[in-house]
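A short worksheet on the structure shown next.
Quick note on labels: first sequence line is chain A, next is B, and so on, each numbered from 1.
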Amino acid sequence: MASQRRFKRAFFRRHAVDVAKEMLGCHLHRRLDDGTELIGKIVETEAYTMADPSCHAYKGKTPRTEHLFGDAGYSYIYFTYGTYWCLNVVANEEEQGEAILIRGVEPIQGIEEMRKRRSKVKKDRDLTNGPGKICLAFELDKQQNKLDMIDGDVLWLTTGEMNAKHDIGTSSRIGISVAQDYPWRFYLRGNPFVSPGKLSAPHVDY
DNA sequence: TTGGTGATGTTT
DNA sequence: AACATCACCAAA
């Protein structure tokens, strides 16, 4: 039985790379407007920091990125490629612009609801094996930006299976054009809900 | 199964 | 002008 324990905010007030690695296996919860609760196990993450040219915080605060520099444990949801949304969790101390991108999730509860929102998809593994797909399946967009994911009740995290034995893989990050050598992507090796883009990224053993 | 490509609109 | 993506199609 998975743990439904809430996180302490201090867990996320640390370096994004450590958080990204250690949060694998934790659960993502989403309460829809009609009360339905969706749950997914996080199986793939990437870390982004201020000193990293591919991070949205790299060029300093802008209206979009301001809360990346705020307290940890809040959602950072941004729009990309004209169509899709991506979900991040803000990390480290205030004024440190760091975040974890959630790239892969395994459905745990509410898979029927997820299928409704992903009606084009034939195979279940394609429901949530990518950052844009997660936001579609979990019905996330700018309305869920800046929510408290520690103590909130719309979008939040619990420890889930975080402390189970994991075979963790490491690689460079996906879909970026700079800082491609940083090995800041982490995933549960062999899990089918890890995004397929991994094949195009150089692999590094952990 | 793998690789290439067009769609799309916000941000800088 | 770039972009932390996805779905589709073609080739093998």
Side-chain angles (χ1 to χ4, degrees), chain A residues 12 15-17 19-21 23-24 28 40 42-69 72 74-92 96-107 114-146 149 155 169-187 190-204:
Chain A
F12 291 95
H15 196 274
V17 173
V19 177
K21 197 185 310 175
M23 72 187 283
L24 286 172
L28 174 69
I42 295 179
V43 302
E44 181 183 356
T45 58
E46 282 178 0
Y48 289 83
T49 75
M50 272 169 90
D52 157 18
S54 67
C55 180
H56 291 180
Y58 182 66
K59 293 175 182 169
K61 287 182 196 173
T62 67
R64 175 173 70 153
T65 62
E66 194 169 16
H67 67 294
L68 276 177
F69 298 86
Y74 286 79
S75 61
Y76 172 68
I77 299 180
Y78 68 91
F79 190 57
T80 190
Y81 293 110
T83 315
Y84 301 105
W85 298 89
C86 290
L87 168 65
N88 296 248
V89 186
V90 174
N92 217 326
Q96 297 294 119
E98 301 194 3
I100 325 298
L101 171 67
I102 299 174
R103 288 193 58 88
V105 155
E106 175 181 335
M114 298 180 202
R115 288 196 191 107
K116 277 188 211 167
R117 288 164 176 73
R118 304 277 297 127
S119 53
K120 293 178 200 165
V121 161
K122 296 181 183 127
K123 290 175 294 180
D124 279 352
R125 69 178 301 165
D126 293 321
L127 288 172
T128 50
N129 61 345
K133 300 175 191 180
I134 291 167
C135 288
L136 290 170
F138 280 69
E139 201 174 293
L140 298 171
D141 59 30
K142 65 181 174 199
Q143 294 182 66
Q144 287 76 38
N145 193 17
K146 306 185 194 180
M149 297 181 72
L155 181 66
T170 304
S171 82
S172 57
R173 294 169 295 175
I174 293 174
I176 54 174
S177 57
V178 288
Q180 289 165 317
D181 53 325
Y182 295 29
W184 285 359
R185 168 173 174 264
F186 306 98
Y187 58 95
N191 189 291
F193 294 93
V194 172
S195 72
K198 69 175 178 180
L199 301 172
S200 59
H203 180 266
V204 184

Legend entry - Secondary structure string for DNA chain B (Watson-Crick or G-U under 3.5 angstrom, | for other-strand pairs): |||||||.|||.
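Contacts between residues 133-141 of chain A and DNA chain C, counted as heavy-atom distances below 4.0 Å, involve A/Lys133. In the region residues 77-87 of chain A, proximity to DNA chain B at under 4.0 angstrom, judged on heavy atoms, holds for A/Phe79, A/Tyr81, A/Gly82, A/Thr83. Non-hydrogen atoms lying under 4.0 Å from DNA chain B are contributed by A/Thr62, A/Arg64, all within residues 45-69 of chain A. Sorted by residue number, the members of residues 96-104 of chain A with any non-hydrogen atom under 4.0 Å from DNA chain C read A/Leu101, A/Arg103.
Residue A/Tyr58 places its OH atom among 12 or fewer non-hydrogen atoms of other residues, nucleotides or ligands, all under 6.0 Å distant.
Closest approach of A/Leu155 and A/Ser75 over heavy atoms only: CD2-CB, 4.1 Å. Taking all atoms of both residues into account, the shortest heavy-atom contact from A/Val105 to A/Ile102 is CG2-CG2, 3.9 Å. Here the closest non-hydrogen pair linking A/His56 and A/Leu68 is CB-CD1, 4.1 Å. A/Leu87 approaches A/Leu101 most closely through the heavy-atom pair O-CD1, 3.5 Å. A/Leu127 and A/Met114 get closest at one heavy-atom pair: CD2-O, 4.0 Å. Of all non-hydrogen atoms in A/Cys86 and A/Pro131, the two that sit nearest each other are SG-CB, 3.9 Å.
Evaluation of the side chain to side chain contact (heavy atoms under 4.5 Å, CB included) rule for A/Arg125 yields A/Lys123, A/Pro192, A/Phe193 as partners, not counting sequence neighbours. Remark: A/His67 pairs with A/Tyr76 by the ring pair (Phe, Tyr, Trp, His ring centres under 6.0 Å) rule, at least two apart or across chains. Scanning for ring pair (Phe, Tyr, Trp, His ring centres under 6.0 Å) contacts around A/Phe79 gives A/Trp85, with sequence neighbours left out.
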Inset, instruction - Show the numbers, then the answer: is there a side-chain contact (heavy atoms from CB on, under 4.5 Å) between A/Arg103 and A/Tyr187? - result: CA-CA 9 Å; A/Arg103 288 193 58 88; A/Tyr187 58 95; over 6 Å; no
Inset, instruction - Tell me, with the steps shown, if A/Lys120 and A/Leu136 meet side-chain contact (heavy atoms from CB on, under 4.5 Å). - result: CA-CA 11 Å; A/Lys120 293 178 200 165; A/Leu136 290 170; over 6 Å; no
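A salt bridge (charged side-chain N to carboxylate O under 4.0 Å, His left out) check over residues 54-66 of chain A, counting only residues at least two apart or in different chains, returns the pairs A/Lys61-A/Glu95. Legend: side chain to side chain donor-acceptor pair (under 3.5 Å) pairs involving residues 128-144 of chain A, not counting sequence neighbours, sorted by first then second residue: A/Arg117-A/Glu139, A/Asp126-A/Asn129, A/Asn129-A/Lys133.
Taking a heavy-atom distance under 4.0 Å as the criterion, the stretch of DNA chain C touched by chain A extends 5' to 3' from C/dC3 to C/dA7.
With a 4.5 Å cut-off on side-chain heavy atoms, A/Leu28 and A/Met149 count as touching.
Mapping A/Lys120 and A/Ile176 onto DNA chain C by nearest heavy atom places A/Ile176 at the nucleotide closer to the 5' end.
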Show every donor-acceptor pair shorter than 3.5 Å between a side-chain atom in residues 47-55 of chain A and any protein atom, with sequence neighbours excluded, or say none if there are none.
{"unit_1": "A/Tyr48", "atom_1": "OH", "unit_2": "A/Glu46", "atom_2": "OE1", "d": "2.7"}
{"unit_1": "A/Asp52", "atom_1": "OD1", "unit_2": "A/Ser54", "atom_2": "N", "d": "2.9"}
{"unit_1": "A/Asp52", "atom_1": "OD1", "unit_2": "A/Ser54", "atom_2": "OG", "d": "2.7"}
{"unit_1": "A/Asp52", "atom_1": "OD1", "unit_2": "A/Arg173", "atom_2": "NH2", "d": "3.2"}
{"unit_1": "A/Asp52", "atom_1": "OD2", "unit_2": "A/Ser54", "atom_2": "OG", "d": "3.3"}
{"unit_1": "A/Asp52", "atom_1": "OD2", "unit_2": "A/Arg173", "atom_2": "NH1", "d": "2.5"}
{"unit_1": "A/Asp52", "atom_1": "OD2", "unit_2": "A/Arg173", "atom_2": "NH2", "d": "3.3"}
{"unit_1": "A/Ser54", "atom_1": "OG", "unit_2": "A/Arg173", "atom_2": "NH1", "d": "3.4"}
{"unit_1": "A/Ser54", "atom_1": "OG", "unit_2": "A/Arg173", "atom_2": "NH2", "d": "3.3"}

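A/Asp126 comes within contact range of no nucleotide atom at all, as no heavy-atom separation falls under 4.0 Å.
Between A/Thr45 and the options A/Val17, A/Asn88, A/Ile100, a side chain to side chain contact (heavy atoms under 4.5 Å, CB included) holds for only A/Ile100.
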